[in-house]
Amino acid sequence: MISTLFAFIPLAFALQKKPSCFIPGLNSCKPIVVPLVDIFNINQKYGNVSYHWDLNKNLYATFQLDNKKYSMKSSSLYVWSDSNMQGYPNYLIPPTYDYTCATFSVPMSNVCNPSNCRVSDVVSTMTCKSYKDSKICKNADLRFYMVVYTQPSATVVVSPGKKVTVGTYGIGNPNGIVALNNAVSCII
């Protein structure tokens, strides 16, 4: 049963290394594309994360790898109203799946609060629960914040036995934080 207190809907997984992935189309604004790089070597790019807003203030973050020989073993997305990044990533795909891309969908009217809650397995549940006692959490409405902050991360398997952690790190961005304008005013 799907909970009504969801803050994340996994829209597409390229399980079995299929090359396609969900990317919002006609009803979304032009994407913001940020490279996914090795956290220890920012010159080594493994893919991109594309951010899309739709006209209903839903945020889509699509993780996609450049090389189809690579796979993601886990991924996470931190979304909140400030850049302090207190807490843990609030949306997670655990290391029980292999995929080449994933799309996180976060309705800004119903965001899981990362200071004390998260969706720990977005594939099997969409319910935001407390870190401490697994009780259902009250979510936050971020539709009216001008800026939201994200921090994507993924574990990428590049060869048997070799994994790297990737994110949106770079010169001038040591924490891998991406600030996104939350005011949807694009022309389709």
Side-chain angles (χ1 to χ4, degrees), residues 2 6-25 28 31-52 59-80 83 85-106 112 114 117-132 134 149-180:
I2 297 174
F6 69 89
F8 168 85
I9 302 170
L11 292 175
F13 297 114
L15 296 172
Q16 313 300 322
K17 299 186 189 251
K18 292 179 184 173
S20 62
C21 192
F22 174 83
I23 297 177
S28 70
I32 297 166
V33 180
V34 183
L36 287 170
V37 298
D38 186 330
I39 64 170
F40 297 111
N41 179 4
I42 62 172
N43 295 316
Q44 181 62 54
K45 181 179 173 282
Y46 286 96
N48 294 304
V49 60
S50 299
Y51 293 99
H52 295 258
L59 172 66
Y60 299 91
T62 299
F63 291 59
Q64 195 157 14
L65 299 177
D66 291 339
N67 188 330
K68 299 301 182 226
K69 293 179 182 176
Y70 301 157
S71 67
M72 282 182 270
K73 194 63 181 162
S74 66
S75 56
S76 63
L77 183 65
Y78 183 106
V79 178
W80 199 234
S83 61
M85 299 296 166
Q86 296 177 5
Y88 299 98
N90 32 353
Y91 304 102
L92 303 165
I93 300 173
T96 53
Y97 308 96
D98 286 305
Y99 47 95
T100 56
C101 67
T103 298
F104 289 81
S105 173
V106 182
C112 187
C117 301
R118 70 176 170 193
V119 178
S120 61
D121 183 353
V122 298
V123 176
S124 64
T125 180
M126 293 183 243
T127 305
C128 185
K129 294 184 178 179
S130 170
Y131 296 129
K132 297 176 185 170
S134 296
Y149 298 88
T150 72
Q151 185 182 43
S153 179
T155 300
V156 176
V157 178
V158 295
S159 64
K162 183 178 180 195
K163 297 177 187 175
V164 295
T165 301
V166 299
T168 53
Y169 301 86
I171 296 171
N173 189 10
N175 296 321
I177 297 170
V178 179
L180 299 170

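Across every non-hydrogen atom of Cys128 and Cys117, the tightest pair is SG-CB, 3.4 Å. Nearest approach of Tyr131 to Pro114, heavy atoms of both residues: OH-O, 3.1 Å. Scanning all heavy atoms of the two residues, the minimum distance from Ser50 to Val33 falls at OG-CG2, 3.7 Å.
Using a 4.5 Å heavy-atom threshold, the side chains of Val49 and Leu77 count as separate. At least one side-chain heavy atom of Asn90 sits under 4.5 Å from a side-chain heavy atom of Tyr78. Phe63 has its side chain within reach of Phe104: a pair of non-hydrogen atoms, C-beta onward, lies under 4.5 Å apart.
Remark: Ser153 OG to Met72 CE distance equals 11.0 Å, nearest 0.5 Å. Atoms CG and CG, from Leu180 and Leu59 in turn, are 6.0 Å apart once rounded to the nearest 0.5 Å.
A distance-only check finds no donor-acceptor pair linking the side chain of Tyr51 to the backbone of Pro31 [under 3.5 Å]. Side-chain atoms of Tyr91 come within 3.5 Å of backbone N or O of Cys112 as a donor-acceptor pair. Side chain of Thr150 to backbone of Val79: no donor-acceptor contact under 3.5 angstrom is found. Counting only distance, with no hydrogens or angles, the side chain of Asn67 and the backbone of Lys69 share a donor-acceptor pair below 3.5 Å.
For residues 169-180, there are no side chain to side chain donor-acceptor pair (under 3.5 Å) pairs, not counting sequence neighbours.
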Listing, residues 154-164 side-chain donor-acceptor contacts under 3.5 Å, not counting sequence neighbours, or none:
{"from": "Thr155", "atom 1": "OG1", "to": "Ser74", "atom 2": "OG", "distance (Å)": "3.3"}

Kindly list each side-chain donor-acceptor pair under 3.5 angstrom involving residues 39-46, sequence neighbours excluded, with atom names and distances?
{"from": "Asn41", "atom 1": "OD1", "to": "Asn43", "atom 2": "N", "distance (Å)": "3.2"}
{"from": "Lys45", "atom 1": "NZ", "to": "Asp66", "atom 2": "OD1", "distance (Å)": "3.4"}
{"from": "Lys45", "atom 1": "NZ", "to": "Asp66", "atom 2": "OD2", "distance (Å)": "2.7"}

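Looking at residues two or more places apart in sequence or on another chain, you find no side chain to side chain donor-acceptor pair (under 3.5 Å) involving Thr165.
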